[in-house]
Amino acid sequence: MEEEVVVNRKAVLKHHLPPDRVPKESDMELVATDTVRLRVPSGSTAVLVKNLYLSCDPYMRSRMTKHDEPSYIPDFVPGTVPTLNPVYVDLFSILCEYVFISAASGAVGQLVGQFAKLMGCYVVGSAGSDEKGIDIYFENVGGAMLDAVLANMRLNGRIAVCGMISQYNLGKHEGVHNLLALIAKCICMQGFLVSNYYKCYREFEEKVVQYIKEGKIVYIEDIAEGLENAPSALVGLFAGRNVGKQLIVVARE
Ligand SMILES: NC(=O)c1ccc[n+]([C@@H]2O[C@H](COP(=O)([O-])OP(=O)(O)OC[C@H]3O[C@@H](n4cnc5c(N)ncnc54)[C@H](OP(=O)(O)O)[C@@H]3O)[C@@H](O)[C@H]2O)c1
């Protein structure tokens, strides 16, 4: 039987971006340079993987800029292909408190809110609103939002710093003015990286699949059709166009 050979299409970064602007669709392009044989050589133990869905995430923005100092994740190389669940570990240990979540309808935020509710917490989610008094803040946005929340935290509050998307397209990051609240209200603020918790992934999967089966968790996905729409989907994250986890479907099966 003749081997099937297909063209491998890629969405690649054309050039590095300056740190102080939002990415544009024209910063990326679709290329079809190489071909892939849809069969592994006979006798080989190799596995051929077909990608159906691609993830589209805010952290990719940082990788589009060339850094002089190495970041926690390598910069993209122009012309090559840009290659979760950080919410879980931080929330299963909290009980019956007031939780505020920014970017609450996004990929991360929607799960944080539901986990916190399952844990018995009172949850407020927003993209910018007034709050009464917050025990736990799940930070996705940073900047003015963080300042507003610091002013509204309660005594012994905790802030889990997941992301600061409002800062990702600024050359110089905004200052935070209400940091004295950390002292006055004895607030504990800690950042984390999802990659440090991959060891918990199996436990996460088991619990969350069960929750989904029981209808205790629902998860909203925002699916862009086709690789050609990947650049627009990535740009859309920074304009708040996505509702739910942004994915790109490149093949249905
Ligand atoms: N620590 C980790 O390991 C880790 C892992 C994954 C993600 N993260 C972080 O978690 C956060 C959420 O990521 P996600 O994947 O769930 O994305 P997402 O929330 O699904 O999408 C991004 C959302 O951020 C909001 N946004 C965009 N630009 C903004 C701005 N300038 N100011 C305020 N809000 C803005 C928009 O929502 P609204 O329209 O609702 O404002 C947008 O829809 C990001 O900060 C990301 O970097 C961290």
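First listed ligand is number 1; within each ligand, the first listed atom is number 1.
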- prompt: When you measure from the side chain of Asn178 to the backbone N and O of Leu150, does any donor-acceptor pair fall under 3.5 Å?
  reply: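 Answer holds: no.
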task: Check whether any side-chain N or O of Lys172 sits under 3.5 Å from a backbone N or O of Asp20 as a donor-acceptor pair, and report yes or no.
output: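 Looks like no, no N/O pair under 3.5 Å.
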message: Please confirm whether the ring centroid of Tyr198 lies under 6.0 Å from the ring centroid of Tyr201.
response: no
Check ligand 1 against [X] and write out every atom of the ligand that is under 4.0 Å from a heavy-atom position of the residue.
X: Met164; result: 45 (O)
X: Gly163; result: 9 (C), 45 (O)
X: Val194; result: 2 (C), 3 (O)
X: Asn140; result: 10 (O), 11 (C), 12 (C), 44 (C), 45 (O)
X: Ile165; result: 22 (C), 24 (O), 26 (N), 27 (C), 28 (N), 29 (C), 34 (N), 35 (C), 45 (O)
X: Asn242; result: 18 (P), 20 (O), 21 (O), 42 (C), 43 (O)

query: Mind checking who shares a hydrophobic cluster with Val7, ILVMFWY linked at side-chain heavy-atom distances under 4.5 Å?
result: none
message: Through direct or indirect side-chain contacts below 4.5 angstrom among Ile, Leu, Val, Met, Phe, Trp and Tyr, which residues connect to Val209?
response: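 Members alongside Val209: none; it stands by itself.
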- prompt: So, for Val123 and Ala116, which heavy atoms are closest and what is the spacing to 0.1 Å?
  reply: CG2-CB, 3.7 Å
message: Give me the atom names and distance for the closest heavy-atom approach of Ile187 to Met153.
response: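 Smallest interatomic distance, heavy atoms only, reads CD1-CB, 3.5 Å.
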Closest to [atom] among [options] (heavy-atom distance):
atom: atom 46 (C) of ligand 1; options: Tyr72, Tyr168, Tyr59; result: Tyr168
atom: atom 33 (C) of ligand 1; options: Val112, Asp222, Val141, Leu193; result: Val141
atom: atom 30 (C) of ligand 1; options: Cys162, Gly191, Ser166; result: Ser166

Close side-chain approach of Glu139 and Leu146, heavy atoms under 4.5 Å: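 SC-SC contact between Glu139 and Leu146 confirmed.
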field: Nitrogen or oxygen of Val108 less than 3.5 angstrom from that of ligand 1
entry: yes
- prompt: Judging by distance only, is a nitrogen or oxygen of Phe192 under 3.5 angstrom from one on ligand 1?
  reply: yes
